[in-house]
Structure formats: structure tokens, C-alpha cells
Amino acid sequence: MVSHKSKLRRMLTVELPMVIILLFTLGPYLWMMLTSLTQEDKLFTQGPSLIGATFENYYRLFNTVGFLDNMITSFIVAAGTVVVGLTLSVTAAYSFSRFNFIGKKYLLTQFLIINMFPIVLLILPLFVLMRVLGLLDSHLALIIANSTVAIPFSVWMMTSYINGIPKSLDEAAMTDGCTRIGALRRVVLPLCMPGIVATGIYIFITAWNEYLYALSLGGSNVRPITVAIQTLIGEYEVQWGLLTSGGIVGALPATILFLIVQKRLISGMTQGAVKG
């Protein structure tokens, strides 16, 4: 009897609220999926439904709108941001972890303070800078802009990881003839590879989902998926079938990547949030 009451109490206080929260969270995505599979002429008369489901919206998305080019653009920008972000983050984190210099704590604090400001404050200065350099409507402009968002937190994550590696390993490698760069490449980087992977995934997802920079610094030649989806919203008409199918396709790469490495990403972000 006591066991039955405890199971009932657990169901009402833990499992049922979790199911409700899960349905509330997944509801919009399920509605998007149903809408994307519904024929356009039936969408406003019968509503979203799996009856007579069709992939017509996805076909139009890639063959009429040219969404594949937008996805390639997003991938180039995200991958480029990962390369730039990891290169600068790892080297900066190694310096913060292994060297003592004037203003070290102040600089680390500045990296944290940068994340407190909204992106919209940086758009105008970056737009002027890119226009002067002639980089507007280019992949490089978006890579540089996205790096300004991804690098500060990435430095904190990587600094925590490298702090967990004993300095004696660096010293032993240099005693055996390695240079400082050699010790970093042969000893530190292999040991902190889980942190590098987690940081790289964080940078990729951040760059993939970025919208404001893509809207202001991109153009007709460089148009990531976040901006391409927005163009499906007209002044007098919203193409709901294309809009929802674009949202589903645009979210798939980052979602699949997150599901594959979610444990490593969460552990990496948790460790990076704690000062080692």
C-alpha cells in the first residue's frame, strides 16, 4: 500500500509535470513539422494535418527558393568561425593558464564582460569597419563578426580545461627538447581534446544560429539560412509552408550535431564555467 502511494505521488509530482513541460516545449516544433507537411491549399481550410502529407514544400524550398545555397553559406561561415575561434581561443587560453603577467585577471574579466553586452550594440561599429575594409557581403565579414561573440566564452572554457593539465607535463616536454609551441602541440592539445571538441561545437552552433550579423553584414551574395528564412515573410503574405519547412531544415544540422555529442558538450560547458 505504501509502495503504491509512493508511486502515485511520484507520478503526480515528478513524471506528470515533466511530460507537460516536454509537450509544452516540443509543441511548437511539432506544429511546424505538421505545417510543413500540409498542402498549401489545405493549410488555411483544414489546418495542419498528417492526412495527405506531402513533401511539396521541401521540394519548392530547394528547387525554387535555392535554400541549398543558403545552407552552404551558413556552413562556410560556421566552419570558418570554428577555425578562427578555436585557433585564437586555444592559444589565448594557454597563455592565461601558463603565464603570469600584469593585467591577467583584468583581461579575463573583460572577456566575461563582453558577453554581457547585446550584439545589437556591436553591429554599427562592425558595419562601418567592414565597409571601410571592403568586406561587406562576404563570408569573411560574417566569420569575423561571429568570432567576436564566440571567442570570449570559448577562452573561459578552454582556460578551465588547460588549468586542469599539470604544468609539470609542459616542463617535462621542454626538458626533453620540445619548444613551448611543441609542448602545446604534442602534450597539451591531445589532453584537452574533449574541451576543444566541446568548444568547437559551441562555436559552430552559435555561428549557425546567428541572425543579426548575417542580416546587417551579409547581402545578396552571402545570405545564411537565418536571413533566407526571414525573406519568406512578405509584407502582405506569409508562405507558412516554406517558412516552416525552412525552419525544420535549418535546425536539423545543429540539432543532429548536438544530439551526437551532447554529453561532451554539456560537460565541456560545465567545466568551462568553473574556474580551475
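Keep in mind that the numbers below use all heavy atoms, side chains included, and drop hydrogens, waters and symmetry copies.
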To the nearest 0.5 angstrom, please state how far the [atom1] atom of [X] sits from the [atom2] atom of [Y].
{"X": "M33", "Y": "S245", "atom1": "CE", "atom2": "OG", "value": "13.0 Å"}
{"X": "L232", "Y": "T244", "atom1": "CG", "atom2": "OG1", "value": "9.5 Å"}
{"X": "N163", "Y": "R98", "atom1": "CG", "atom2": "CZ", "value": "7.0 Å"}
{"X": "T25", "Y": "I20", "atom1": "OG1", "atom2": "CD1", "value": "11.5 Å"}
{"X": "M71", "Y": "I76", "atom1": "CE", "atom2": "CD1", "value": "12.5 Å"}
{"X": "H139", "Y": "N221", "atom1": "NE2", "atom2": "CG", "value": "9.0 Å"}

Indicate the atoms forming the closest heavy-atom contact of [X] with [Y], along with that distance.
{"X": "A183", "Y": "M174", "answer": "CB-CG, 4.2 Å"}
{"X": "T91", "Y": "L88", "answer": "OG1-O, 3.1 Å"}
{"X": "P190", "Y": "R185", "answer": "CD-O, 3.4 Å"}
{"X": "A173", "Y": "V187", "answer": "CB-CG2, 3.7 Å"}
{"X": "F99", "Y": "R180", "answer": "CZ-NE, 3.7 Å"}
{"X": "I143", "Y": "V84", "answer": "CG2-CG2, 3.9 Å"}

Verify side-chain contact (heavy atoms from CB on, under 4.5 Å) between L191 and L169, making sure each step is shown before the conclusion.
CA-CA 11 Å; L191 292 176; L169 296 179; 3.6 Å; yes
Identified side chain to side chain contact (heavy atoms under 4.5 Å, CB included) partner of P224 from the options I72, I229, L142
L142
Please identify which of these residues, T159, I181, D170, I165, meets the side chain to side chain contact (heavy atoms under 4.5 Å, CB included) condition with Y94.
D170
Answer yes or no: are there more than 12 heavy-atom neighbours, outside I102 itself, under 6.0 Å from its atom CD1?
no
What do you reckon, is CZ of F101 surrounded by more than 12 foreign heavy atoms closer than 6.0 Å?
yes
Is [Y] reachable from [X] through a run of I, L, V, M, F, W or Y residues, each pair having side-chain heavy atoms under 4.5 Å apart?
{"X": "Y29", "Y": "I205", "result": "no"}
{"X": "L133", "Y": "L217", "result": "yes"}
{"X": "M193", "Y": "V82", "result": "yes"}
{"X": "V197", "Y": "I256", "result": "yes"}
{"X": "L140", "Y": "V83", "result": "no"}

[Y] backbone acceptor or donor facing [X] side chain under 3.5 Å:
{"X": "T206", "Y": "A150", "answer": "no"}
{"X": "D137", "Y": "V222", "answer": "yes"}
{"X": "R186", "Y": "C178", "answer": "no"}
{"X": "S97", "Y": "A93", "answer": "no"}
{"X": "S160", "Y": "W156", "answer": "no"}
{"X": "T199", "Y": "I196", "answer": "no"}
{"X": "N70", "Y": "R223", "answer": "yes"}
{"X": "N146", "Y": "E210", "answer": "no"}

Angle between ring planes, F62 versus F67, binned at 30° and 60°: parallel, tilted or perpendicular?
perpendicular
Can you list the steps and then say if I162 with F96 is a side-chain contact (heavy atoms from CB on, under 4.5 Å)?
CA-CA 9 Å; I162 297 177; F96 282 119; over 6 Å; no
Between I203 and I151, is there a side-chain heavy-atom distance shorter than 4.5 Å?
no
Test: ring pair (Phe, Tyr, Trp, His ring centres under 6.0 Å). Region: residues 205-225. Which pairs qualify, not counting sequence neighbours?
F204-W208
For S36, what residues pass the side-chain hydrogen bond (donor to acceptor under 3.5 Å, both in side chains) criterion, not counting sequence neighbours?
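Expected list: Y58.
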